[in-house]
There are 2 protein chains.
Amino acid sequence: MEEKFRRSLYPELDDIDYGIVRALQENARLPFTQIAKELGVTEKTIRMRVQQMQDEGVLSLVGIVNPVKAGLNVQAFVQIATEADKLDDVVAVLNGIVEVRLVVLTSGDYQLITQILVRNYEELSQFLMKTLNKIPGVTRVNVINELKILKSKYKFVR
Amino acid sequence: MEEKFRRSLYPELDDIDYGIVRALQENARLPFTQIAKELGVTEKTIRMRVQQMQDEGVLSLVGIVNPVKAGLNVQAFVQIATEADKLDDVVAVLNGIVEVRLVVLTSGDYQLITQILVRNYEELSQFLMKTLNKIPGVTRVNVINELKILKSKYKFVR
DNA sequence: TTACTATAATACGAATTTCGACAATATGCA
DNA sequence: TGCATATTGTCGAAATTCGTATTATAGTAA
């Protein structure tokens, strides 16, 4: 059974939705009137569809700060293995830690992969030793330092 | 020597910039007049600073699509080891592949970690066998399946 | 098919926001 | 201090957004 995430009548994103997404991907502040003109519908239609897609979690219009420019110069992927029955607790703790940008449940040697953003290596070692290793249930940790981001894109819709 | 990324006069983000970022992080379309009212400056000031921060790559105002809602149901981290002198070439190829959302140079057993977004496991295996393994210089690959995203945040500024 | 219902799209005027040109003010530096 | 430059403010015109009421459309059931 397919999950319906968009209107009861039209279960999927249609051409207008994709047109909206394509436009707003590049510039979240593009006037709805301009998108409307391009797509041949009224501004109100664009406005309503954007609202719907936002409500449904399909689309987010956000400001993103370049972490390096905000002083977060050190980034790392950290894989975490936990005792099986403590996984939920570990995740709950990670959820509350501001340095943790991403937590993903994975297959493989470690149950979790996380992404950590901190100001410098001092903060990274503090995080690893004072925070992560103190979380009950964490058994093993693998740190993958991010030396340089070579490609990064948020635009999925073409 | 510290990199200056903001004005020759003011090398860092100041309180107004942070106020702007905090506001736009939540809603990229928030009217500048409202931000201005909150911060006690004019709309023109907000407008100019947003423009500057965008020009400098500090801030991006973008629409982000939930990949799952856009049909990209299978996501994986893929670590890649390459012949030392072929690293650049491999990265160049990865740059041109749409399924590749992220490429990061890392420390550790593999030089690269990438994030792959595809529609289904059929596409993932196609990508691994027909695309990745055919890139000259790739010697070893480690696939970490993303089973569930437990935390994900783009907001760095508090 | 036809009528009914719910959802989506349009029309449109008022309120708000954006934009640009110019003036005033601040800052960095010699 | 004073000059040069960058930032901020003022303000009116143009564009955009917003809300209400109306029309159109698709799905559903008789």
Side-chain angles (χ1 to χ4, degrees), chain A residues 1-66 69-71 157, chain B residues 1-66 69-71 157:
Chain A
M1 185 171 58
E2 188 127 349
E3 187 199 357
K4 299 191 176 189
F5 58 88
R6 173 125 191 83
R7 303 188 192 84
S8 50
L9 290 81
Y10 309 97
E12 299 214 12
L13 302 186
D14 62 15
D15 291 346
I16 293 176
D17 292 323
Y18 276 111
I20 291 170
V21 166
R22 260 191 296 274
L24 292 178
Q25 262 186 160
E26 306 293 331
N27 174 12
R29 291 185 78 93
L30 193 65
F32 293 161
T33 49
Q34 288 188 35
I35 303 174
K37 207 181 298 174
E38 275 178 34
L39 300 179
V41 293
T42 59
E43 171 271 338
K44 179 70 203 274
T45 299
I46 306 296
R47 194 170 6 127
M48 190 206 52
R49 280 170 176 255
V50 167
Q51 186 63 55
Q52 282 188 343
M53 287 194 283
Q54 291 191 92
D55 291 346
E56 290 156 1
V58 177
L59 177 67
S60 308
L61 302 176
V62 297
I64 292 181
V65 183
N66 183 330
K69 304 280 174 122
V157 175
Chain B
M1 183 171 60
E2 187 127 348
E3 188 201 356
K4 298 191 177 191
F5 57 86
R6 174 127 188 82
R7 305 188 192 85
S8 48
L9 292 79
Y10 308 96
E12 298 214 11
L13 301 186
D14 63 14
D15 291 347
I16 294 176
D17 292 323
Y18 276 111
I20 292 171
V21 166
R22 260 190 297 274
L24 292 178
Q25 262 186 162
E26 305 295 331
N27 174 11
R29 292 186 76 94
L30 193 65
F32 293 161
T33 49
Q34 288 188 35
I35 303 173
K37 209 181 296 174
E38 276 179 34
L39 300 179
V41 293
T42 59
E43 172 269 339
K44 180 68 202 282
T45 299
I46 307 296
R47 188 163 20 121
M48 194 208 51
R49 281 171 178 252
V50 168
Q51 187 61 56
Q52 282 189 342
M53 287 195 283
Q54 286 186 299
D55 291 347
E56 289 155 1
V58 176
L59 177 67
S60 308
L61 302 176
V62 297
I64 292 182
V65 183
N66 183 330
K69 305 276 175 127
V157 175

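- The nearest whole Å value for the distance from the CG atom in A/Asp17 to the P atom in C/dA9 is 9 Å.
- If you measure from atom CD1 of A/Ile46 to atom P of C/dA9, you get 9 Å, rounded to the nearest angstrom.
- Defining each end axis of the helix from C/dT1-D/dA30 to C/dT25-D/dA6 as the rotation carrying four pairs' C1' atoms onto the next four, with five pairs an end, the two axes are found to diverge by 40° to 10 degrees.
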Residues A/Ile20, A/Met53; criterion side chain to side chain contact (heavy atoms under 4.5 Å, CB included); working and verdict
CA-CA 10 Å; A/Ile20 291 170; A/Met53 287 194 283; 3.8 Å; yes

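- Annotation: proximity of residues 29-42 of chain A to DNA chain D (heavy atom, distance under 4.0 Å) is found for A/Pro31, A/Phe32, A/Thr33, A/Gln34, numbered in ascending order.
- B/Lys69 and A/Glu56 make their closest contact through NZ-O, 3.0 Å (heavy atoms, listed as atom of the first residue, atom of the second, distance).
- Spacing between atom CE of B/Met48 and atom P of D/dA6 amounts to 11 Å, rounded to whole angstrom units.
- Two residues are said to be in side-chain contact when any heavy atoms from C-beta on lie closer than 4.5 Å; A/Met48 and A/Phe32 fail this criterion.
- Here B/Gln52 does not reach the OP1 or OP2 of D/dA6: none of its side-chain N or O atoms lies under 4.0 Å away.
- A salt bridge between B/Asp14 and B/Arg49 is present, with a side-chain N of the basic residue lying under 4.0 Å from a carboxylate O of the acidic one.
- Between A/Glu43 and A/Ile16, the residue anchored closer to the 5' end of DNA chain C is A/Ile16, taking for each the nucleotide with the nearest heavy atom.
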Chi angles and distances behind the side chain to side chain contact (heavy atoms under 4.5 Å, CB included) call for A/Asn66, B/Val58
CA-CA 5 Å; A/Asn66 183 330; B/Val58 176; 5.6 Å; no

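- Between the P atom of D/dA6 and the CE atom of B/Met53 lies a distance of 19 Å, rounded to the nearest Å.
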Any chance you could lay out the side chain to side chain contact (heavy atoms under 4.5 Å, CB included) test for B/Val50 and B/Leu61, step after step, and finish with the verdict?
CA-CA 9 Å; B/Val50 168; B/Leu61 302 176; 4.1 Å; yes

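- Put simply, CG on A/Asn27 is 14 Å from C1' on D/dT16, counting in whole angstrom units.
- Separating the CZ atom of A/Arg47 from the C1' atom of C/dT10 is a distance of 11 Å, rounded to the nearest angstrom.
- In this structure C/dA23 sits in the anti conformation; its chi angle is more than 90° from 0.
- Within the 4.5 Å cutoff, side-chain heavy atoms of B/Ile64 are placed close to those of A/Ile64.
- To the nearest angstrom, P of D/dA6 lies 16 Å from CD of B/Gln51.
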Sort me out a list of protein N/O and nucleotides 12-14 of chain D N/O pairs below 3.5 Å, or just none if empty.
none

Please lay out, stage by stage, how B/Ile35 and B/Leu24 fare under the test side chain to side chain contact (heavy atoms under 4.5 Å, CB included).
CA-CA 9 Å; B/Ile35 303 173; B/Leu24 292 178; 3.7 Å; yes

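- The two residues B/Ala36 and B/Thr42 have their closest heavy-atom pair at CB-C, 3.6 Å.
- Atom NZ in A/Lys44 sits about 11 Å away from atom P in C/dT10, given to the nearest Å.
- Residues A/Arg47 and A/Glu43 share a closest heavy-atom pair of NE-OE2, 2.7 Å.
- Scanning all heavy atoms of the two residues, the minimum distance from A/Ala28 to B/Gly63 falls at CB-N, 4.0 Å.
- For B/Arg49, counting side-chain heavy atoms from C-beta on, the closest listed nucleotide (C/dT18, D/dT7, C/dA9) is D/dT7.
- Nearest heavy-atom pair, A/Arg29 versus B/Leu30, reported as atom, atom and distance to 0.1 Å: NH1-O, 2.9 Å.
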